[in-house]
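Residue numbers begin at 1 in each chain, while the letters A, B, ... track the order of the sequences. As the structure is a computational prediction, the values presented were derived from the model and not from experiment.
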2 protein chains.
Amino acid sequence: MARVSFRAQVLQAREDAIVDAVNRLLAEKGFDLMTVDEVVADVGIAKASLYKHFTSKEELAAAAMVRVLERALAFVAELQAKPGLKPLEGLKAVARWTMQVQLAGEMPSLPAQNSSLRAALVGHKVYMDRLLTLSDHLGEWIAAAQAAGTLRTSLPPEVVLYTLYARACDPVLGLLKMSGQYGHEQIIEMLLSTCFDGLAAG
Amino acid sequence: MARVSFRAQVLQAREDAIVDAVNRLLAEKGFDLMTVDEVVADVGIAKASLYKHFTSKEELAAAAMVRVLERALAFVAELQAKPGLKPLEGLKAVARWTMQVQLAGEMPSLPAQNSSLRAALVGHKVYMDRLLTLSDHLGEWIAAAQAAGTLRTSLPPEVVLYTLYARACDPVLGLLKMSGQYGHEQIIEMLLSTCFDGLAAG
DNA sequence: GTCTATATGCTGATAGAC
DNA sequence: GTCTATCAGCATATAGAC
């Protein structure tokens, strides 16, 4: 195990604080409306200092996304350690987890079609690695669930995967939360139900 | 019928051209990335002229949304004129229509959580009127479908309504379109299927 | 109402001293 | 690496001549 100097630990802590702030602001206002000035004001450092750690606003967003993806990967690993877990249950658990993160105000929201950000993200090696790794794990569950007959085989795995990812930024969740009529657990169960069982009567 | 002067017609045509450009740019880049300069460059007028018609960028977005909502209302009216249309079929037809508009690149995309825009929209009388009118019509179909047993009664009507509205800005559609593996009609049928029948096997 | 020219503020990003 | 001070550019919105 490599020794880590005290100085390096302080730097790491500062970077963590930056990513914390970025993550919260991204969840709150989204990428376009988040400004670097807000980030530095939140962390309590000078803007030039931030740019020593991260070279652009896009890289800030990528760092926040990487951290969320790694949390997701950790959650998936936890699930996979359970023996006898059915693939469909794994998929539902992940969908539930993304909604919990969203309700906690910890899910960064990136514009679906921002060109500058998309370009930066697809060119970001760590981000792409985490995203593809997660997709691989979910893809295995999807294939297994389809083989087990618990997931509809008429849908291409890709469509299932995208549909699950979309639950992480579903505006319906925000609307229901804002209405104040339902508890968090209730919202999650209803959205899980619409996602897996659909709107139509069985 | 009121007589309309030639001058007024020209002004109306110009406003239509402005809303055309706004609608396209909103669909293409979204509200935050759309600039008023692009709009006026697209229409071929001076910026000050645009601000004689619309007093702010938010009002431009509202005008585009009003036009889309009125197109939706016209579509609903068309459907309601058909005798014997089942409520569930009406809801599916509307969902299909929103996806077609989206695939045609004609669906304005507004940020879900932009504060300045949201405030302007909820304070915009015409926009709110059209939105509530449409919600009323869809709400009737939802109630009728639940009464007829074709729509799950375990879901509050509000949740169904929001879920349908969310199909109009579903990122899954854009991802599938970008992948290039599926035709437009195929994409729509798959997403309709996930929406109404769910992901799980029946 | 339309135009040219401009006001005003804020953005992401840097220079250079310490 | 951190800071203060600042840059250059672009955003929305407006003044004032015609």
- Below 4.0 Å: OP1/OP2 of C:dT2 and any side-chain N or O of B:Arg14: yes
- Item | B:Met65 vs B:His124 side-chain heavy atoms within contact, under 4.5 Å | no
- Message: Show the nearest heavy-atom pair for residues B:Leu85 and B:Gly90, with the distance to one decimal.
- Response: CD2-CA, 3.9 Å
- Scan nucleotides 11-18 of chain D nucleotide by nucleotide, 5' to 3', and note B when protein non-hydrogen atoms come under 4.0 Å of the base, S if they reach only the sugar-phosphate, - if neither. SBBBB---
- B:Ser5 and B:Arg7: side chain donor to acceptor below 3.5 Å: no
- Query: Tell me: CZ of B:Phe54 to P of C:dG1, nearest whole Å?
  - Reply: 13 Å
- Task: Look at the side-chain N and O atoms of A:Ser49 and state whether any lies under 4.0 Å from the OP1 or OP2 oxygen of D:dC3.
- Result: yes
- Item | A:Trp141 side chain reached by A:Leu79 side chain, heavy atoms, under 4.5 Å | yes
- d(CG, A:Leu50; P, D:dG1) in whole Å: 14 Å
- Rounded distance (Å) that lies between atom C1' of C:dG1 and atom CD of B:Gln9: 17 Å
- Query: Does one side chain, of B:Ser49 or B:Arg14, offer a donor that lies under 3.5 Å from an acceptor on the other?
  - Reply: no
- Item | Side-chain touch B:Tyr51/B:Val36, heavy atoms, less than 4.5 angstrom | yes
- Query: Between B:Lys57 and B:Asp32, is a salt bridge (Lys or Arg N to Asp or Glu O under 4.0 Å) present by the stated rule, with each step listed?
  - Reply: CA-CA 10 Å; B:Lys57 185 186 176 184; B:Asp32 293 333; 5.6 Å; no
- Task: Give me the residues of residues 118-128 of chain B where at least one heavy atom lies under 4.0 Å from an atom of DNA chain C, by number, or none.
- Result: none
- Interatomic distance, A:Ile45 CD1 vs C:dT14 P [rounded to whole Å]: 16 Å
- Message: Within the 4.5 Å heavy-atom criterion, are B:Leu199 and A:Leu164 side-chain neighbours or not?
- Response: yes
- Whole-Å distance separating the CD1 atom of B:Ile18 from the C1' atom of C:dG1: 11 Å
